[in-house]
Amino acid sequence: MNEQQLTQPFYARRACTVAADLLGKRLVRLWHGRRLSGIIVETEAYCDSDKPDLACHGDRANGGRPTERTAVMFGPAGLAYIYFTYGMHWMFNIVTGEPGQANAVLIRALQPDEGDEVMAVLRNGRSRIEWTNGPAKLAQALAIDKSLNGTNLCHPDGVIWIESGCQVAASEISTGPRIGLGQTPEPWLSIPWRYWLQGNRFVSK
DNA sequence: AGCACGATTAACT
DNA sequence: GTTAATCGTGCTC
């Protein structure tokens, strides 16, 4: 396949740039010796640079200072920031930008590729379209939970990383406001920091 | 110590 | 379209 693991310089850029560039890349999870993977088809940027983003955990909590939960976001680019929400769901993010800033990209949807049988089981026998078409769904399908929080995606012998995947043209990318921000104030509520592959069936509903 | 809420999903009507 | 599920986190008292 000639796939190549992405290295830290890829992640050490503005969150919006990384979010757009991640489309078409392959997220790989090594689980019990099996490769589970999917092509990234939907992402969201949180805190693009040094400017505050009141939708971002890192800027919302503790006056923008790190907390136990958000500390990873303030660390170096290329780490996994994984958090728990709604009492049952895990969310998989990638830290971007420079240390000291709470920048990250949320992976919202994948197109399943490798490990179909395993993903079907992890997703409780649901239909293929439901395996990874949402942030909590893909975390479950790839067995991602708190134990991977802070993992370095650039480590050559890790259990989760991203590969070069396929080339995506700018004309194939759509953008729009981020999902599920609740009572987040403007302008952050409407700023178009959600990116997806136009027309892909696995983009979240 | 207690409380409100969440970067969601699934199962309802 | 509506709502229950379910609990870690951060904030208030």
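A quick note: this is a predicted structure, and the numbers were derived from the prediction, not measured. Within every chain, numbering begins at 1; the chains are lettered A, B, ... in the order of the sequence lines, protein sequences first and strands thereafter.
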Identify each donor-acceptor pair in which a side-chain atom of residues 33-42 of chain A lies under 3.5 Å from a protein atom, sequence neighbours left out, and give them as a table.
{"from": "A/Arg34", "atom 1": "NH2", "to": "A/Glu117", "atom 2": "OE1", "distance (Å)": "3.2"}
{"from": "A/Arg35", "atom 1": "NE", "to": "A/Glu114", "atom 2": "OE1", "distance (Å)": "3.4"}
{"from": "A/Arg35", "atom 1": "NE", "to": "A/Glu114", "atom 2": "OE2", "distance (Å)": "2.9"}
{"from": "A/Arg35", "atom 1": "NH1", "to": "A/Glu163", "atom 2": "OE2", "distance (Å)": "3.1"}
{"from": "A/Arg35", "atom 1": "NH2", "to": "A/Glu114", "atom 2": "OE1", "distance (Å)": "3.0"}
{"from": "A/Arg35", "atom 1": "NH2", "to": "A/Glu163", "atom 2": "OE1", "distance (Å)": "3.3"}
{"from": "A/Ser37", "atom 1": "OG", "to": "A/Glu114", "atom 2": "N", "distance (Å)": "3.4"}
{"from": "A/Ser37", "atom 1": "OG", "to": "A/Glu114", "atom 2": "OE1", "distance (Å)": "2.6"}
{"from": "A/Glu42", "atom 1": "OE1", "to": "A/Ser204", "atom 2": "N", "distance (Å)": "2.7"}
{"from": "A/Glu42", "atom 1": "OE1", "to": "A/Ser204", "atom 2": "OG", "distance (Å)": "3.0"}
{"from": "A/Glu42", "atom 1": "OE2", "to": "A/Arg108", "atom 2": "NE", "distance (Å)": "3.0"}
{"from": "A/Glu42", "atom 1": "OE2", "to": "A/Arg194", "atom 2": "NE", "distance (Å)": "2.7"}
{"from": "A/Glu42", "atom 1": "OE2", "to": "A/Arg194", "atom 2": "NH2", "distance (Å)": "3.0"}
{"from": "A/Glu42", "atom 1": "OE2", "to": "A/Ser204", "atom 2": "OG", "distance (Å)": "3.0"}

Return a table of donor-acceptor pairs under 3.5 angstrom between the side chains of residues 61-73 of chain A and protein atoms on other chains or two or more places apart.
{"from": "A/Asn62", "atom 1": "ND2", "to": "A/Pro66", "atom 2": "O", "distance (Å)": "3.2"}
{"from": "A/Thr67", "atom 1": "OG1", "to": "A/Arg69", "atom 2": "N", "distance (Å)": "3.3"}
{"from": "A/Thr67", "atom 1": "OG1", "to": "A/Thr70", "atom 2": "N", "distance (Å)": "3.2"}
{"from": "A/Thr67", "atom 1": "OG1", "to": "A/Thr70", "atom 2": "OG1", "distance (Å)": "3.2"}
{"from": "A/Thr70", "atom 1": "OG1", "to": "A/Thr67", "atom 2": "N", "distance (Å)": "2.9"}

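At least one donor-acceptor pair under 3.5 Å links the side chain of A/Gln8 to the backbone N or O of A/Ala77. At least one donor-acceptor pair closer than 3.5 Å links the side chain of A/Arg29 to the backbone N or O of A/Ala143. Using a distance-only test at 3.5 Å, with no hydrogens or angles considered, no donor-acceptor pair links the side chain of A/Gln111 to the main chain of A/Arg201.
Going from atom CD of A/Gln183 over to atom C1' of B/dC5 covers 8 Å, rounded to whole Å. Rounded to whole Å, the distance from NE2 on A/His57 to P on B/dG6 is 10 Å. Following rounding to the nearest Å, A/Arg69 (CZ) and C/dT9 (C1') show an atom-to-atom distance of 6 Å. Regarding A/Ile179, its CD1 atom lies at a distance of 15 Å from the C1' atom of B/dG6, rounded to whole Å.
Take A/Glu186 and apply the side-chain contact (heavy atoms from CB on, under 4.5 Å) test, not counting sequence neighbours, and it matches A/Leu189, A/Ser190. Annotation: ring-ring contact (aromatic ring centres under 6.0 Å, His included) contacts of A/His57 (sequence neighbours excluded): A/Tyr83. In this structure A/Phe84 satisfies the side-chain contact (heavy atoms from CB on, under 4.5 Å) test together with A/Trp90, sequence neighbours excluded. The side-chain contact (heavy atoms from CB on, under 4.5 Å) test applied to A/Ala15 returns A/Ala45, A/Asp48, A/Thr96, A/Val105, not counting sequence neighbours.
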Would A/Arg128 and A/Asp116 count as a salt bridge (charged side-chain N to carboxylate O under 4.0 Å, His left out) here? Give the steps.
CA-CA 8 Å; A/Arg128 180 180 171 84; A/Asp116 284 19; 2.8 Å; yes
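Contacts of A/Gly180 with the nucleic acid, taken as non-hydrogen atoms under 4.0 Å apart, involve only primed sugar atoms and P, OP1 or OP2.
When the side-chain nitrogen and oxygen atoms of A/Arg123 are compared with OP1 and OP2 of B/dA10, one or more of them lie within a distance under 4.0 Å.
Interface residues of residues 132-151 of chain A facing DNA chain C, ordered by number: A/Lys146; criterion, heavy-atom separation under 4.0 Å. Less than 4.0 Å separates DNA chain C from at least one heavy atom of each of the following residues of residues 85-94 of chain A: A/Tyr86, A/Gly87, A/Met88. Residues from residues 96-109 of chain A that place a heavy atom under 4.0 Å from any atom of DNA chain B, listed by number: A/Leu106, A/Arg108.
Atom OG1 of A/Thr132 sits about 9.0 Å away from atom NZ of A/Lys137, to the nearest 0.5 Å. Here SG of A/Cys154 is found 13.0 Å from CH2 of A/Trp161. Values are rounded to the nearest 0.5 Å. For the atom pair CG (A/Leu6) and CZ (A/Arg26), the distance works out to 11.5 Å, reported to the nearest 0.5 Å.
More than 12 heavy atoms of other residues, nucleotides or ligands sit less than 6.0 Å from atom NZ of A/Lys205.
Note that A/Arg13 lies outside the cation-pi zone of A/Tyr11, set by a 6.0 Å cut-off to the ring centre and a 45° limit from the axis.
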For nucleotides 11-13 of chain B, which of its nitrogen or oxygen atoms have a protein nitrogen or oxygen under 3.5 Å away, and what is each distance?
{"from": "B/dA11", "atom 1": "OP1", "to": "A/Arg126", "atom 2": "NH2", "distance (Å)": "3.4"}

Write out a two-atom table: protein N or O, nucleotide N or O from nucleotides 11-13 of chain C, distance below 3.5 Å.
{"from": "C/dC11", "atom 1": "OP1", "to": "A/Asn62", "atom 2": "N", "distance (Å)": "2.5"}

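A distance cut-off of 5.5 Å between ring centres, combined with a plane angle under 30°, leaves A/Tyr83 outside any stacking arrangement with the base of B/dA7.
The shortest side-chain heavy-atom distance between A/Val168 and A/Leu197 falls under the 4.5 Å cut-off. Between A/Ile94 and A/Val18, the closest side-chain pair of non-hydrogen atoms is not below 4.5 Å. Inter-residue side-chain proximity for A/Asp21 and A/Phe10 is flagged as met; some heavy-atom pair is nearer than 4.5 Å.
Annotated stems with DNA chain C as a participant read B:1-6 with C:7-12, B:8-12 with C:1-5, given as range with range, by first number; only runs of 3 or more Watson-Crick or G-U pairs under 3.5 Å qualify.
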